Amino acid sequence: MPEARVPNDAELDWLTRRAVAEIIPHDDFVKALKLGRALRLKMGFDPSAPDLTIGHAVGLRKLRQLQEFGHTVVIIVGDWTAQIGDPSGQSKTRPMLTADQVNANAETYLRQFFKIVDREQTEVRRQSEWFGAFGLADVVRLAAGFTVAQMLERADFAERYQRQQPIGVHELLYPLLQGYDSVAVEADAEFGGTDQKFNLLVGRELQEREGQEPQCVYTVPLLVGTDGEVKMGKSVGNYVAVDDPPNAMYGKLMSIPDHLIGDYFEYLTDVPDSDIADVRGMVEERTGNPMEAKKRLAHELVAQFHDATAAGEAQEFFERTFSKRELPAEVPERGLSFSALTAGGTVRIPTLLVELGLTESVSDGNRLFKQRAVEVDGEVAEELRIPLRDGMIIRAGKHRFVRLLNSDG
RNA sequence: GGCGGGGUGGCAGAGCGGUCAAUUGCACCGGGCUGUAAACUCGGCGCCCUAAAGGGCUACGCAGGUUCGAAUCCUGCCCCCGCCA
């Protein structure tokens, strides 16, 4: 039996309180951590939305922290449940995926997953390992232990039922399959967002029925997206991806509403509780500039998902480009054939913008020009046609710019 | 199986023979302002030609039809949703 280090009181507090929504039953989990045995920490995912957001990172960071004590992460590739599509919080049915899509997505997912979770202490399992051999009899037996009323307890099912929105029969199977995963891998605890609570509890029940020690349910808070309105999600477009390049990540974080700063710090960083309390107080009392807190947050997170150097550069980029509205230290360069572009020695700006990839269409470029949003070498472009010069800097809007080089000869 | 509702731009959702490239909201882009790519405010938001005025092309599920003219009317087809069984 692999061993695990027993956390001291401060560590225990950190593991079971910070960025935690609920642990069921709390005491059992604490006891388990004190056993000195490596626990099997299960988490599943549907390989349907390959982009991991920093919202996912909340739970993954927790897994990582527990790995530091020697516990094992068991990640389940939901290659069967993905065929159903988890309706949790979706409020509508999802389209089914092909096997190829599932495989490709799983690969993408895991690559990002291991940016946070330690690969060495992780067991990757696929549902097909056990569901591949499942027969109709097994399915019936699995379903027999639950009633429709129980299923309808689940918030999103209940809501859809009430609003007379469709609920596919196969969707009812989703929690059961996910729950059975816990039996198959003999999980000691399962992790997920608060919207997963029902599914995680089903796992407990199934394990108990199979004579296993039921898993603890460990839920983490859902991160509100950059719009400050709803849960961070890819479909809403209010997300920061763990794969976002430094500048984009930094900028997106700077755009979150002030009231989210505290939560982001709490859920995504190791910044001490006392500092977070200070930040929250400062934002609420309006005693300081929230922008400073946000810069710290953005820096922390870019450093975490990239590295400290990248974080520093992203910060500098942000300050120059947006705060001071200057050009960044490094302007991307783009080579074009001047002779092919010009007619009579000049080019139309909209055409040039398209060629440079700064706008998507000529019409778009025209609009920018009319709105006086195009700058040539730091001056607002007044003439529609301009002569080209090697090394000239073209800027469209606040944050799109390029240094133009002549690729002739 | 029966009855009814509906498919419009990234989404939601108007329009129901010409004034519709299509109201409005969200999202997005730009200007201003600022503590930030926040908030607020003003403007823009199919593609292409054009210095401009303007013009052309594609688009309102798909395919036909009526008409000088159709997102709007007719026919067929496809798809979605609800109710009753």
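So you know, we letter chains A, B, ... as the sequences are listed, proteins then strands, and number each from 1. Note that this is a predicted model, so its numbers are computed, not measured.
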Testing the basics here: between Arg18(A) and Thr269(A), what is the closest heavy-atom pair and its distance to 0.1 Å? NH2-O, 2.8 Å
Name the closest nucleotide to the Val362(A) side chain, picking from rU36(B), rA51(B), rC49(B). rC49(B)
So what does Gly397(A) hit on the nucleic acid, given a heavy-atom distance under 4.0 Å: a base, only sugar-phosphate, or nothing? sugar-phosphate
Where the side chain of Lys370(A) is defined as all heavy atoms beyond and including C-beta, which of rG35(B), rG30(B), rA52(B) is the nearest nucleotide? rA52(B)
On a heavy-atom basis, which atom in Lys62(A) and which in Trp14(A) lie closest, and how many Å separate them? NZ-O, 3.1 Å
Nearest listed nucleotide, side chain of Pro290(A), among rU36(B), rG35(B), rA37(B): rG35(B)
Ignoring hydrogens and angles, are the base of rG31(B) and the side chain of Gln371(A) linked by a donor-acceptor pair under 3.5 Å? no
Could you check Ala396(A) against Lys294(A) and say which one's nearest nucleotide on RNA chain B is further toward the 5' end? Ala396(A)
Quick check for you: among rG30(B), rU36(B), rA51(B), whose closest atom lies nearest to any side-chain atom of Ala373(A)? rG30(B)
The side chain of His399(A) is closest to which nucleotide in this list: rA51(B), rC47(B), rG30(B)? rG30(B)
Do Tyr180(A) and Phe134(A) have ring centroids that are under 6.0 Å from one another? yes
rC48(B), OP1 or OP2 - any side-chain N/O from Ser361(A) closer than 4.0 Å? yes
Check the angle between the aromatic planes of Trp80(A) and Phe131(A) and answer parallel, tilted or perpendicular using the 30° and 60° thresholds. tilted
Tell me: NZ of Lys252(A) to P of rA38(B), nearest whole Å? 14 Å
Side chain of Arg400(A): nearest nucleotide among rC29(B), rC47(B), rG35(B)? rC29(B)
What about Phe317(A) and Tyr250(A), are their ring centers closer than 6.0 Å? no
Measuring only the C1' atom in each nucleotide, how far is rC60(B) from rU72(B)? A whole number of Å is fine. 10 Å
Taking the same atom, P, in rC3(B) and in rC77(B), what whole-Å distance lies between them? 16 Å
I'd like the P distance from rG13(B) over to rG82(B), given in whole Å. 15 Å
Is the distance from OP1 or OP2 of rC49(B) to the nearest side-chain N or O of Arg348(A) less than 4.0 Å? no
Taking only the P atom of each, what is the distance from rC57(B) to rG69(B) in whole angstrom? 15 Å
Scanning both residues in full, the closest heavy-atom pair of Leu368(A) with Arg400(A) reads CD1-NH1, 4.1 Å
Nearest to the side chain of Asn366(A), heavy atoms from C-beta on, is which of rG44(B), rU50(B), rG30(B)? rU50(B)
Comparing nearest nucleotides in RNA chain B, the 5'-proximal residue of the pair Arg372(A), Asp364(A) is Arg372(A)
In whole angstrom, give me the gap between the P atoms of rA71(B) and rC20(B). 13 Å
Measure CZ/Arg367(A) against C1'/rG30(B) and give the value in whole Å, please. 11 Å
Scan Ser363(A) against the nucleic acid and name what it touches under 4.0 Å (heavy atoms): base, sugar-phosphate only, or nothing. base
Could you tell me how far rA59(B) sits from rG15(B) if I compare only their C1' atoms? Round to whole Å. 16 Å
Expressed in whole Å, how much space separates the C1' atoms belonging to rG35(B) and rC40(B)? 13 Å
If we take the C1' atom in both rU34(B) and rA39(B), what is their distance in whole Å? 9 Å
